[in-house]
Participant: 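Before we start, here is the structure in question, set down as structure tokens.
Numbering of ligands and ligand atoms starts at 1, following listing order. Counting from 1, the numbers follow the sequence of the chain as shown.
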Amino acid sequence: MRTTEVSEGIFRLSANVKDILFEGIWPIPNGVAMNSYVVKGKKCAIIDGVCDWDGVPETLFAQLDEMNVKLTDIDYVIVNHMEPDHSGWLRAFKEIRGTFTIYCSEKAKPLLEAFYGIHDDVHVVKSGDTLDLGAGRVLVFQDIPNVHWPETMATYDTLSKTLFPCDAFGSFGSVSDDAPYDDTLTEEQIQFFEREMERYYANIVAAFSHPTKQAIAKLGGIEIKTIAPGHGIVWRKDPGRVIRDYVRLAEYGNGPAKPEVAVIWASMYGMTELGIAPVVEAIEAEGVPTHVYRVPETEMSFVLDAVWKCSGVVLAMPTYEYKIFPPMFAVIDEMFKKRIVRRKAFRFGSYGWSGGAQKELDETMARLRGKWDFIEPVEFKGRPTDADLDLIRERGRELAREVKRWCLAEGGAGSAAE
Ligand SMILES: Cc1cc2nc3c(=O)[nH]c(=O)nc-3n(C[C@H](O)[C@H](O)[C@H](O)COP(=O)(O)O)c2cc1C
Ligand SMILES: [Fe+2]
Ligand SMILES: [Fe+2]
């Protein structure tokens, strides 16, 4: 990787990571960029670190070398966020650098001790505190708790009006050396990162949508010329674009999201599956696009992404040992952990003798207090009859019409932006 200059005196260091499950759970077929920023006044600070996965700290050190920054030149390490994808390199850095001062939030301090045994030279800051690097460069800190951990803060450079928000405004997707900026990317490439951002959001940020909205409101009064996140590309041509993207994504949990339908289905012997093509056809006949994923074949990450951005959901699964087919239950449970609070929904599925999936679904929805508005389900014994399939088609059309109505009536964040 090559170091690039974000603006005068600010440099982006980065390593793309591939072939891992991010957070040990989310696949990243297109990789993810881990970004750090060196900010120079008379003194030098490094904002956000990287993970300690194979070769990554070394990549960072090589990039410092390349820009003629000696590790001993770094006076301050700003730890916006303690998750090890950004702090993991601290141990390796400390071994080489020896003494330096860490700036972090109050809640990060005990985490520095717990994760890395670091307790000396830790300077705790709160919202509004500053660090003067000299040469007119003053950094200001702002707590943005729970975006993504409780200790998270953002750093703002008053000279260049650059915001360093760490996980916020980030995305999946490896970033090419040549084009890490929105002004060096084509519109098509920016849209690639926006798609990667949606899944990143659904997997990593979704559960923290409320704190994310609060953070965006807090930062609203600041003039921002550049957004330099811990993952993904840097936004300096149009930082408003990524802010609008995040505002839109943060609203999706409460719905309506996009006027589209996620069809999430599972089937052991193909009985429930017989209803999938008819329901998809019926929904699309109403002009509503669908995203169809089979469970457990599809990893949770992609299912959550689809359900996060669709206003309508079809859950199609059979009964298994008197309950919901287990991998489908796991997906439903995770949807609620991600706070997918409101949706228009339809469930159908097969059973053998007395069923049970529908009962468990009703109980689960009541327990999780989801405001999912279900149209009447269709359940059938064994193979669906032609009449069952007709009913599934009819309900599919009904769901699609409900989704369209909802998006039209309330579709501010969801449909208007599309
Ligand atoms: C392991 C297993 C457990 C099942 N448990 C139940 C059950 O508790 N109640 C019931 O009515 N049917 C039960 N069934 C029957 C299925 O729900 C039925 O075969 C249904 O048609 C499966 O639909 P599918 O082919 O879409 O998976 C079970 C089937 C299997 C294989
Ligand atoms: Fe994080
Ligand atoms: Fe992160």
Side-chain angles (χ1 to χ4, degrees), residues 14-17 20 22-26 28 31-36 47-53 56 79-89 105 107-108 111 115 144-154 164-173 196-197 200-201 203-208 211-212 215 228-232 264-277 279 294-297 315-329 347-361 378-385 388-389 392:
S14 187
N16 288 321
V17 175
I20 57 148
F22 197 74
E23 292 184 344
I25 174 169
W26 315 116
I28 42 169
V32 63
M34 315 293 312
N35 304 332
S36 270
I47 301 178
D48 295 334
V50 286
C51 47
D52 64 351
W53 302 324
V56 175
V79 176
N80 277 330
H81 178 30
M82 271 298 297
E83 187 169 359
D85 60 328
H86 303 282
S87 66
W89 72 302
S105 71
K107 285 194 171 152
L111 299 184
F115 282 79
I144 50 166
N146 300 311
V147 187
H148 148 228
W149 282 12
E151 85 303 352
T152 313
M153 64 176 196
F164 302 93
C166 200
D167 276 349
F169 307 119
S171 78
F172 287 145
E196 289 286 314
M197 182 189 295
Y200 170 93
Y201 190 97
N203 292 180
I204 291 173
V205 189
F208 308 100
T212 301
H231 305 286
I264 313 302
W265 67 279
S267 183
M268 296 180 280
Y269 294 104
M271 301 301 129
T272 305
E273 184 177 5
L274 289 169
I276 301 302
V279 84
R294 182 175 190 170
V295 169
E297 283 79 352
L315 299 173
M317 69 289 192
T319 292
Y320 183 99
E321 294 174 358
Y322 302 94
K323 304 280 185 197
I324 293 170
F325 185 63
M328 193 61 138
F329 182 84
R347 186 254 153 177
F348 69 88
S350 176
Y351 65 99
W353 52 95
S354 60
Q358 187 59 42
K359 183 165 178 278
E360 192 185 25
L361 181 63
V378 177
E379 282 211 292
F380 44 88
K381 262 188 171 181
R383 178 179 293 270
T385 61
D388 293 327
L389 294 176
I392 287 172

Participant: For V147 and A168, work out which heavy atoms get closest and say how close.
Facilitator: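 Looks like CG1-CB, 3.8 Å.
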Participant: Less than 3.5 Å apart, N/O on ligand 1 and N/O on the protein: could you list those pairs with the distances?
Facilitator:
from	atom 1	to	atom 2	distance (Å)
ligand 1	5 (N)	E321	N	2.7
ligand 1	8 (O)	E321	N	3.4
ligand 1	8 (O)	Y322	N	2.4
ligand 1	11 (O)	G352	N	3.2
ligand 1	11 (O)	W353	N	3.0
ligand 1	11 (O)	S354	N	3.2
ligand 1	11 (O)	G355	N	2.8
ligand 1	12 (N)	G352	N	3.0
ligand 1	17 (O)	T319	O	2.8
ligand 1	21 (O)	S350	OG	2.6
ligand 1	25 (O)	Y269	N	2.7
ligand 1	25 (O)	G270	N	3.0
ligand 1	25 (O)	M271	N	3.0
ligand 1	26 (O)	S267	OG	2.6
ligand 1	26 (O)	M271	N	3.4
ligand 1	26 (O)	T272	N	2.7
ligand 1	26 (O)	T272	OG1	2.7
ligand 1	27 (O)	M268	N	2.4
ligand 1	27 (O)	Y269	N	3.4

Participant: Give me the atom names and distance for the closest heavy-atom approach of I324 to A357.
Facilitator: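 Here I324 and A357 meet closest at CG1-O, 3.4 Å.
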Participant: CG/N35 to CZ/F164 distance, rounded to the nearest 0.5 angstrom?
Facilitator: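 That separation rounds to 11.0 Å.
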Participant: In the structure I gave you, are the side-chain heavy atoms of D167 and T152 within less than 4.5 Å of one another anywhere?
Facilitator: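 No, their side chains stay 4.5 Å or more apart.
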Participant: Using 30° and 60° as the class boundaries, would you call the ring planes of F115 and W149 parallel, tilted or perpendicular?
Facilitator: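 Because their plane-to-plane angle lies in the 30° to 60° range, the rings of F115 and W149 count as tilted.
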Participant: Looking at every heavy atom in both P211 and P145, which two are closest together, and how far apart are they?
Facilitator: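 Here P211 and P145 meet closest at CB-O, 3.5 Å.
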Participant: Which class fits the ring pair H86 and H81: parallel under 30°, tilted 30 to 60°, perpendicular over 60°?
Facilitator: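 Ring orientation, 0 to 90° scale: tilted.
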Participant: Near the Fe ion (ligand 2), meaning under 2.8 Å, how many protein N/O/S atoms are there?
Facilitator: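 Protein heteroatoms (N, O, S) closer than 2.8 Å to the Fe ion (ligand 2) number 4.
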Participant: With side chains defined as the heavy atoms from C-beta onward, is the minimum distance between E83 and E23 less than 4.5 Å?
Facilitator: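 The answer is yes, as the side chains (C-beta and beyond) meet within the 4.5 Å cut-off.
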Participant: I'd like to know if the side chain of S350 and the backbone of T272 have a donor-acceptor N/O pair within less than 3.5 Å.
Facilitator: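 No, S350 side chain to T272 backbone: no donor-acceptor pair under 3.5 Å.
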